[in-house]
A.B. asks: 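One structure follows; several queries about it will come next.
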Amino acid sequence: MLTMENIFSEISQNGGSTPCRKVNEIASRFPEKVAFRDKRFGIWSEISYQSFWEQAQWVGCALNYFGVDRFDKAAVHSENRPEWIIADIGIQSIRAITVGLYPTNPPSEVKYLLGHSESKILFAEDQEQVDKALEVKDELPNLQKIIYFEDRGVVGYKDEVLMSWEEFLSIGKEELEKNNSFVTSRMEEIETSDVACLIYTSGTTGAPKGSMISHGNLEWCGSIIPKLSFTPGISNPEFLSYLPICHIFGRLIDIIVAIHVMGTINFAESIDTVQRDLAEVQPSMFPAVPRILERMHAGTLVRMKDASRLKKALFGLASKLGNFSANRRLEFGDNDLLAKATNFIAQVICFRALKKKLGLLNVDNAVSGAAPISPEILKFFMNMGVPIYEGYGMTENSAVATGNKPGSVKLGTVGVPQPDVEIKLADDGEILVRHPGVFLGYYKNEEATKETIDQDGWLYTGDVGEYDGEFLKIIDRKKDIIITSGGKNVSPSEIENNLKTSPYIKEAIVIGDDRKFLACLIGIEYDIVSNWALRKNIPHTTYRNLSENEEVQKLIWNEILKANKLTSTLEIRKFRMITKELDHEDGDLTATQKAKRNVIMEKFSDLIEEMYK
């Protein structure tokens with residue numbers, strides 16, 4: 001079997017491949033290599049690369065049987081699981097286009113996404129997703145078949161549009177036996193300009209737009225893997241798949257990086273078991289979004305409050321040593337001997353056991369992306385001996401733009417340009433990106449495409465940034481920057497991220513546009529605040545009455561005062577509690593769990609006006 005050094009050398013020499021060709025190659029060279037581990041009912045099962053490619057070919061043949069031709073669309077609506085990626089590779093291998101849906105998409109969004117993309121086939125995970133599609137299928141004239149992965153609850157349905165995954169694969173198997181070169185010959189036709197997948201943006205300000213990601217984009221991403229900021233030092237390519245594959249970040253890690261390095265993708269049993277599965281798998285690469293890291297940070301601090309005196313003392317001592325070590329590494333680099341010595345002691349007395357519990361013991365590289373994160377959260381993990389390299393990218397540039405990297409980290413920034421990436425700032429500070437991974441444009445939206453990519457190929461990101469030396473710092477989304485009535489420009493995301501370093505605060509929306517001072521709406525981290533309330537003998541039954549409790553509000557105000565000390569701009573002077581948990585189905589959050597600022601401000605306008613009376 002090849003070492004990681006061999007694999008990186010091959011990529012450097014041969015370049016990247018579109019994923020379906022890479023899977024075919026690995027299946028030919030290393031057929032028994034484990035591609036997937038999937039946990040069902042507490043038991044792990046394995047799928048080899050040979051079986052992966054065989055099933056992907058069956059998918060391609062079955063799609064062709066049902067009339068899916070070149071450039072037609074097929075959608076996947078499911079949690080992460082082997083069938084998701086098998087379907088994706090099968091779709092792309094016949095020059096068709098994959099459309100990913102989030103498991104949380106409600107029927108109205110399912111209707112929009114399937115209708116806008118003109119998808120002919122839908123792969124649906126289970127009864128929940130099948131029911132959503134059936135509810136709107138009469139308004140989707142292009143939809144011909146719904147293939148379900150799990151038959152529980154669906155078996156009794158009589159609709160002719162439905163078919164099980166097993167039956168679909170059996171048709172594909174028969175078709176492949178009739179023409180065993182169909183998929184490979186179609187795959188050879190693929191051109192770099194062909195659209196591989198449509199990735200719909202989260203739609204914080206309007207209907208989601210379908211970003212056209214080409215095979216050429218994916219090939220380029222594969223080609224730079226050895227030089228990416230978060231790939232050096234991978235010793236054993238074990239991945240835990242939990243970031244949504246329909247999101248560009250999840251796709252970059254699970255389908256581009258993992259497959260190119262011939263990795264094994266372990267699938268979490270469910271989104272609720274990610275922490276437990278992390279501890280069991282102990283992956284070597286850990287891609288994360290801020291919400292996951294914030295939850296880990298908050299959970300660790302709360303557990304320490306309930307720990308024995310000895311454990312508290314050891315954690316406190318290890319944290320001081322870890323902080324000293326992290327500061328040395330930031331100033332003098334990763335090879336500083338004093339930093340290594342103090343980190344070793346911290347690991348022995350506390351952090352090794354804590355990292356094992358969190359599933360981070362074997363992590364060679366960890367990366368945070370998809371949304372801004374507070375430097376305080378990153379420093380917490382760095383103190384623990386798990387440096388998490390914050391990076392920057394977006395759907396429209398295939399999630400590749402900048403990144404911090406080993407030996408070159410500046411907290412509070414998103415690092416330096418990735419290899420072969422050009423970055424410049426427009427006159428108003430907007431970040432512009434240019435490289436071969438920039439998308440083709442928005443599907444059926446030429447006007448938005450022209451607004452986003454100029455004639456010279458520069459992508460206008462909509463983010464405002466500035467340089468801190470060679471490191472790029474994101475100020476905020478251009479449309480979100482607050483201008484107070486006194487003319488002060490304020491980045492709400494900086495303040496919101498500082499607020500969310502508190503284990504008690506889950507959501508924070510800063511208000512202040514054309515106002516005399518800044519205020520904010522706060523959503524609590526219910527489980528953690530509930531635990532705090534129980535220890536204080538504060539009775540509560542619902543999210544609302546816990547949020548409205550006077551003692552809880554005092555707790556939150558003290559957390560706001562702490563965050564005010566960290567901010568580089570104006571302080572928060574007033575706040576109100578959001579009395580319900582924000583929810584995607586209620587329209588409060590995007591599918592990627594980003595708060596829809598305008599929706600929330602309108603929904604809770606009475607609370608906002610109350611603060612400014």
Side-chain angles (χ1 to χ4, degrees), residues 4 37 39 44 230-240 242 263-264 266 268 273-288 290 292-368 373 375-390 404-407 409 411 501 503 528:
M4 286 306 303
R37 287 195 196 94
K39 194 177 186 185
W44 291 97
F230 55 85
T231 54
I234 300 176
S235 57
N236 179 29
E238 289 279 342
F239 297 78
L240 181 71
Y242 74 97
T264 297
N266 300 270
T273 66
V274 166
Q275 186 66 69
R276 190 172 70 220
D277 293 331
L278 261 176
E280 191 170 343
V281 173
Q282 297 290 342
S284 53
M285 175 173 275
F286 179 51
I292 294 291
L293 298 173
E294 288 161 3
R295 194 178 299 165
M296 282 184 165
H297 169 257
T300 301
L301 295 183
V302 168
R303 279 196 299 274
M304 283 301 123
K305 287 185 178 180
D306 293 333
S308 65
R309 286 186 178 181
L310 177 60
K311 285 186 176 179
K312 284 181 181 177
L314 290 174
F315 178 74
L317 177 58
S319 296
K320 288 179 181 178
L321 290 169
N323 184 56
F324 177 83
S325 174
N327 287 336
R328 294 281 302 187
R329 289 201 304 275
L330 286 170
E331 186 174 356
F332 301 110
D334 291 342
N335 293 321
D336 181 72
L337 292 178
L338 195 52
K340 287 183 175 181
T342 49
N343 176 64
F344 176 79
I345 298 169
Q347 296 301 316
V348 170
I349 64 176
C350 177
F351 285 154
R352 181 176 175 81
L354 179 57
K355 282 159 60 176
K356 187 174 183 179
K357 189 175 185 65
L358 292 174
L360 305 178
L361 184 61
N362 296 332
V363 167
D364 299 315
N365 285 296
V367 57
S368 175
I373 186 170
E376 297 300 312
I377 301 290
L378 295 177
K379 187 70 187 302
F380 171 82
F381 286 96
M382 184 174 276
N383 292 351
M384 200 193 302
V386 185
I388 294 174
Y389 304 109
E390 186 175 8
N404 286 278
K405 56 187 178 182
V409 175
L411 296 180
T501 60
I528 291 175

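All values below come from the heavy atoms of this structure, side chains included, with hydrogens, waters and symmetry mates left out.
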A.B. asks: Side-chain contact, heavy-atom cut-off 4.5 Å: Gln275 with Leu358?
C.D. replies: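 Side chain of Gln275 against side chain of Leu358, heavy atoms only: contact under 4.5 Å found.
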
A.B. asks: Check whether any side-chain heavy atom of Ile349 lies under 4.5 Å from a side-chain heavy atom of Leu321, and answer yes or no.
C.D. replies: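 They are in contact (side-chain heavy atoms under 4.5 Å apart), so the answer is yes.
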
A.B. asks: Sub-3.5 Å donor-acceptor pair from the side chain of Glu294 to the main-chain atoms of Thr501, do we have one?
C.D. replies: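 Between the backbone of Thr501 and the side chain of Glu294 there is no qualifying donor-acceptor contact (under 3.5 Å).
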
A.B. asks: Please list all pairs meeting salt bridge (Lys or Arg N to Asp or Glu O under 4.0 Å) that have one or both residues in residues 300-309, counting only residues at least two apart or in different chains.
C.D. replies: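 Pairs touching residues 300-309 that pass the test: Asp306-Arg535.
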
A.B. asks: Between CG of Leu337 and OG1 of Thr342, what distance do you get to the nearest 0.5 Å?
C.D. replies: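 It comes to 10.5 Å.
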
A.B. asks: Would you give the length of the straight line joining atom OG1 of Thr231 to atom CE of Met4, rounded to the nearest 0.5 angstrom?
C.D. replies: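 If we round to the nearest 0.5 Å, Thr231:OG1 and Met4:CE are 8.0 Å apart.
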
A.B. asks: Work out which heavy atom in Asp364 is nearest to a heavy atom in Asn236; give both atom names and the distance.
C.D. replies: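 What the structure gives for the nearest pair is OD2-N, 4.0 Å.
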
A.B. asks: How many angstroms lie between CE in Met296 and NZ in Lys357, if you round to the nearest 0.5 Å?
C.D. replies: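 Atom-to-atom, Met296:CE and Lys357:NZ are 12.0 Å apart.
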
A.B. asks: Could you give all pairs that pass the salt bridge (Lys or Arg N to Asp or Glu O under 4.0 Å) test and reach residues 319-330, with sequence neighbours left out?
C.D. replies: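 Qualifying pairs, neighbours excluded: Arg328-Asp336.
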
A.B. asks: Output a table of donor-acceptor pairs, distance under 3.5 Å, between side-chain atoms of residues 376-385 and any protein atom two or more places apart or on a different chain; print 'none' if there are none.
C.D. replies:
{"unit_1": "Lys379", "atom_1": "NZ", "unit_2": "Asn323", "atom_2": "OD1", "d": "2.7"}
{"unit_1": "Lys379", "atom_1": "NZ", "unit_2": "Asn327", "atom_2": "OD1", "d": "2.9"}
{"unit_1": "Asn383", "atom_1": "ND2", "unit_2": "Lys379", "atom_2": "O", "d": "3.4"}

A.B. asks: Atom CZ of Phe286 and atom CD1 of Ile292: how far apart are they, to the nearest 0.5 Å?
C.D. replies: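 The CZ atom of Phe286 sits 6.5 Å away from the CD1 atom of Ile292.
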
A.B. asks: Taking all non-hydrogen atoms of both residues into account, name the closest pair between Asn404 and Tyr389 and its distance.
C.D. replies: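 Scanning both residues completely, I find the closest heavy atoms to be O-CB, 3.3 Å.
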
A.B. asks: Would you say the side chain of Asn343 lies within less than 4.5 Å of the side chain of Phe351, judging by non-hydrogen atoms?
C.D. replies: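 Of all side-chain heavy-atom pairs linking Asn343 with Phe351, none is under 4.5 Å.
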
A.B. asks: Say you draw a straight line from CG of Leu411 to CG of Leu330; how long is it, rounded to the nearest 0.5 Å?
C.D. replies: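 Result: 5.0 Å between the selected atoms.
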
A.B. asks: Could you tell me the separation between the CE atom of Met304 and the SG atom of Cys350, rounded to the nearest 0.5 Å?
C.D. replies: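 Output value for this atom pair is 5.5 Å.
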
A.B. asks: Where do Ser284 and Pro237 come nearest, in terms of heavy atoms and distance?
C.D. replies: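 Taking Ser284 first and Pro237 second, the nearest heavy atoms are OG-CA, 3.7 Å.
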
A.B. asks: Minimum heavy-atom separation for Gly359 and Pro283, please, with both atom names.
C.D. replies: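 Taking every non-hydrogen atom into account, O-CD, 3.6 Å.
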
A.B. asks: If you compare all heavy atoms of Lys311 against all heavy atoms of Ala307, which two are closest, and at what distance to 0.1 Å?
C.D. replies: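 Where Lys311 meets Ala307 most closely, the heavy atoms are CB-CB, 3.9 Å.
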
A.B. asks: Assess whether atom NZ of Lys405 is packed by more than 12 heavy atoms of other residues, nucleotides or ligands within 6.0 Å.
C.D. replies: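 Open: at most 12 neighbouring heavy atoms sit under 6.0 Å from NZ of Lys405.
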
A.B. asks: Name the one of Tyr242, Trp44, Phe239 that satisfies side-chain contact (heavy atoms from CB on, under 4.5 Å) with Asn266?
C.D. replies: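 Going through the options one by one, the only one that passes is Trp44.
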
A.B. asks: Just one of Met285, Gln282, Lys355 clears the side-chain contact (heavy atoms from CB on, under 4.5 Å) bar with Asn362, so which one?
C.D. replies: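 Going through the options one by one, the only one that passes is Gln282.
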
